[in-house]
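Notes for the one structure printed next.
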Amino acid sequence: MNATTTASPLTVTGHPLQRAGAWAVVAMAGKQSAEEVTDSDLDAVAARVVQDVCTAATASKDDPAYDWWKVLFALYPNSKPTHAKRPRDRAVLEAEVAGWFEADRQGGLERWPCTFCGASTRKTWTKSHLPMFDTNKALNTLPPGSPGWPVCRGCRLAAWTLPYGAWVTAGSATVLSCERAKVEQGFVRSNIRRSEWLLQVGFGSKGEPAGARPERVILAALRTLGAGLPAAATLWTFKNDNQEPWLRITRSRRTIPRFLARIEANAPLRRGWGLLVAAMTERDKQGKPLKDGRTEAARLLFEADDGRSRSFLDQLARMLLNVESWRLENRAALTQLAFDYAKEVLGMDVDPHKPSPVASLLADWIEHGSGSPRGRVAEYRSVALSDYKLGLLLMKAHSRLCLDGREVAAGPEDWAPLIQQRPRAWEQRMLLFAGVLQMLQQRGVAIGEKQGMDEEEDEEVERLIEEPIITAYDEEPM
């Protein structure tokens, strides 16, 4: 007789919130996949959720567990455990919350497919139990007479294990969608460890690094993909608030893992990354970290859907524009990092070792014009990223070289793409500036580079070059 297999009571769906919660159930049950999860596993995970919810709901405001209540309030503001008039009798509250995760009773005529996974269920939930299901800006409330959205047991539990699998703050949560389930699961497991710590000590303790954010954790997971396997990651950061719910979406490109792998394997790129991290690290007067450089650098590799995020090249441009801050080798490393990002991540056809005719034109003007090359570099720097002003400077340089009887490397047709409002024109202008400085450096033209670094700066950069380029917080001592 063939043995019969029982379908798992848990499904990992494509819905980002359900998916994060379902992966959390898998991890909290000590399993590797949803197919391995049993009803007994759901019982155990549900018992832990009930205990944590009720501990947070009955905690005093000076108790660290009260911070977990803030997390729950940000996600489920209409639920019984987060309501201002919630029961203070823990036994009463436990009985109600435990009932949410009971298995569906067998039999009965009315059954519906689960809103998330399609499994048959008799249970319906309203917005009071579900995160981010209602907003005053969208018509997604239940129609009159509807009992709620059908939600099976596995998905009901996933809705409340979401805070464990998400990166949470006292007012928002961030979940991850990625092409590689390995990365999603790694992010969830890291967040579960963090949630255990938060339940014990709360926010604001000395245990968590200053400015800790999820992008660094995700980038560390992407770095582990073999041979820079392509994988895009999407962060969904949201707050389910009674007044003004909001959702912000940021993404990393599929080529980021390959870019990270190239940095790991290339000494100049590692130096450039180390310089970037060091520049983005902020400390107070006592040396206490205010901003973690690895975290800030990781954030640059994620792009917001609404365009309200700083770009990787923008940060490198700000650094390279400060000409006097860099020794020759460090400027070269930052330049290579910028070009490599443009080529590998943005898909631009650029090569720092093959300067464009426009770069040659500007380098010739800076080198051979009257007066100090440093003065002309300063003049170029002041207009380098402006389309209109750069166009005027290029005309000036072109005219000056022609009047001096020198060979002119480029004309208006060559620089037209740089000064028009077209895709990647800003990036091309930024890379042009870096390329011109690189060319001047190769020609031996003195433009005011820094002769040395402070001893502490040198030590910091060399240490960063020797360490892994990115690590999760739980991979190093806090």
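- Counting only residues at least two apart or on different chains, the ring pair (Phe, Tyr, Trp, His ring centres under 6.0 Å) pairs with a member in residues 258-292 are F259-F312, F259-Y341.
- Residues E367 and R406 are not paired through a salt bridge, judged by the lack of any N-O separation under 4.0 Å between the basic side chain and the carboxylate.
- M28 and V49 get closest at one heavy-atom pair: CE-CG2, 4.5 Å.
- For the residue pair T237 / T174, a side-chain donor-acceptor distance below 3.5 Å is found, with atom types taken as modelled.
- Using a distance-only test at 3.5 Å, with no hydrogens or angles considered, a donor-acceptor pair links the side chain of T161 to the main chain of A158.
- Checked for salt-bridge contact, D340 and K343 miss the test: no charged N lies under 4.0 Å from a carboxylate O.
- V445 is not listed as a side-chain neighbour of R376, based on a closest heavy-atom distance of 4.5 Å or more.
- A donor-acceptor pair is defined here as one N or O able to donate and one able to accept, closer than 3.5 Å; such a pair exists between the side chain of R429 and the backbone of L385.
- L361 contributes atom CG, which lies 9.5 Å from atom CD1 of I366 (distance to the nearest 0.5 angstrom).
- Across every non-hydrogen atom of A384 and L390, the tightest pair is O-CD2, 3.9 Å.
- In this structure, N240 contributes its side chain and L75 its backbone to a donor-acceptor pair below 3.5 Å.
- Between the side chain of E427 and the backbone N or O of M348, no donor-acceptor pair lies under 3.5 Å.
- Donor-acceptor pairing under 3.5 Å is lacking for the side chains of T471 and R223.
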Steps toward side-chain contact (heavy atoms from CB on, under 4.5 Å) verdict (T281, D292)
CA-CA 5 Å; T281 300; D292 172 66; 5.7 Å; no

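- One finds no salt bridge joining R308 and E303 here, because no Lys/Arg side-chain nitrogen approaches an Asp/Glu carboxylate oxygen to under 4.0 Å.
- Side chain of D67 to main chain of G202: no donor-acceptor pair is present (N/O by atom type, distance under 3.5 Å, no hydrogens or angles).
- Between the CG atom of L162 and the CD atom of Q18 there is a distance of 10.0 Å, given to the nearest 0.5 Å.
- Ring pair Y164/W68: centre-to-centre distance below 6.0 Å.
- The CG atom of L464 sits 12.0 Å away from atom CD of E459, with the distance rounded to the nearest 0.5 Å.
- Ion pairing of D349 with K354 is absent here, as no side-chain N (NZ or NE/NH1/NH2) approaches a carboxylate O to less than 4.0 Å.
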Would Y388 and I419 count as a side-chain contact (heavy atoms from CB on, under 4.5 Å) here? Give the steps.
CA-CA 6 Å; Y388 176 71; I419 60 175; over 6 Å; no

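- A donor-acceptor contact closer than 3.5 angstrom is absent between the side chains of W69 and T82.
- The CZ atom of R270 lies 12.5 Å from the CG atom of L275; values are rounded to the nearest 0.5 Å.
- By the ring pair (Phe, Tyr, Trp, His ring centres under 6.0 Å) test, W426 pairs with no residue at all, sequence neighbours left out.
- The closest donor-acceptor contact from the side chain of T55 to the backbone of D52 lies at 3.5 Å or more, if one exists at all.
- Using a cutoff of 4.0 Å between basic side-chain nitrogens and carboxylate oxygens, R251 and D305 are scored as salt-bridged.
- Counted within 6.0 Å of CZ on R424, heavy atoms from surrounding residues, nucleotides or ligands total more than 12; the atom is thus considered enclosed.
- The side-chain hydrogen bond (donor to acceptor under 3.5 Å, both in side chains) test applied to R283 returns no partner, not counting sequence neighbours.
- Side-chain contact check for E344 and T255: no donor-acceptor pair (N or O, by modelled atom type) lies under 3.5 Å.
- In this model, no donor atom of one side chain and acceptor atom of the other lie less than 3.5 Å apart for Y473 and S190.
- A donor-acceptor pair is defined here as one N or O able to donate and one able to accept, closer than 3.5 Å; no such pair exists between the side chain of S386 and the backbone of V383.
- Residue pairs that meet the salt bridge (Lys or Arg N to Asp or Glu O under 4.0 Å) test with at least one member in residues 407-421, sequence neighbours left out, do not exist here.
- With respect to the salt-bridge test (charged N to carboxylate O, under 4.0 angstrom), the residues R294 and E467 qualify.
- Side chain of W326 to backbone of M319: a donor-acceptor contact under 3.5 angstrom is found.
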Can I get a per-line list of side-chain donor-acceptor pairs under 3.5 Å for residues 181-188, giving both atom names and the distance, sequence neighbours left out?
{"from": "E184", "atom 1": "OE1", "to": "R19", "atom 2": "NE", "distance (Å)": "2.7"}
{"from": "E184", "atom 1": "OE1", "to": "R19", "atom 2": "NH2", "distance (Å)": "3.1"}
{"from": "E184", "atom 1": "OE1", "to": "W23", "atom 2": "NE1", "distance (Å)": "2.9"}
{"from": "E184", "atom 1": "OE2", "to": "R19", "atom 2": "NE", "distance (Å)": "3.0"}
{"from": "E184", "atom 1": "OE2", "to": "C178", "atom 2": "N", "distance (Å)": "2.9"}
{"from": "Q185", "atom 1": "NE2", "to": "Q32", "atom 2": "O", "distance (Å)": "3.1"}

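- For residues 347-378, no residue pair satisfies the ring pair (Phe, Tyr, Trp, His ring centres under 6.0 Å) rule, not counting sequence neighbours.
- Between the CD atom of E179 and the CG atom of L229 there is a distance of 9.0 Å, given to the nearest 0.5 Å.
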Hey, mind stepping through R374 and E379 against salt bridge (Lys or Arg N to Asp or Glu O under 4.0 Å) and telling me if it holds?
CA-CA 9 Å; R374 292 180 63 178; E379 183 179 354; over 6 Å; no

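- A donor-acceptor pair is defined here as one N or O able to donate and one able to accept, closer than 3.5 Å; no such pair exists between the side chain of S252 and the backbone of A232.
- Contact detail for P268 and A333: the closest heavy-atom pair is O-CB, 3.4 Å.
- Closest heavy-atom contact between P64 and V201: CB-C, 3.5 Å.
- Within 6.0 Å of CD on Q420 lie more than 12 heavy atoms contributed by other residues, nucleotides or ligands.
- More than 12 heavy atoms of other residues, nucleotides or ligands sit less than 6.0 Å from atom CD of E196.
- R216 places no side-chain N or O within 3.5 Å of a backbone atom of T295 that could act as its donor or acceptor partner.
- S325 and N322 are linked by a side-chain donor-acceptor pair at a separation below 3.5 angstrom, with hydrogens and angles left out of the test.
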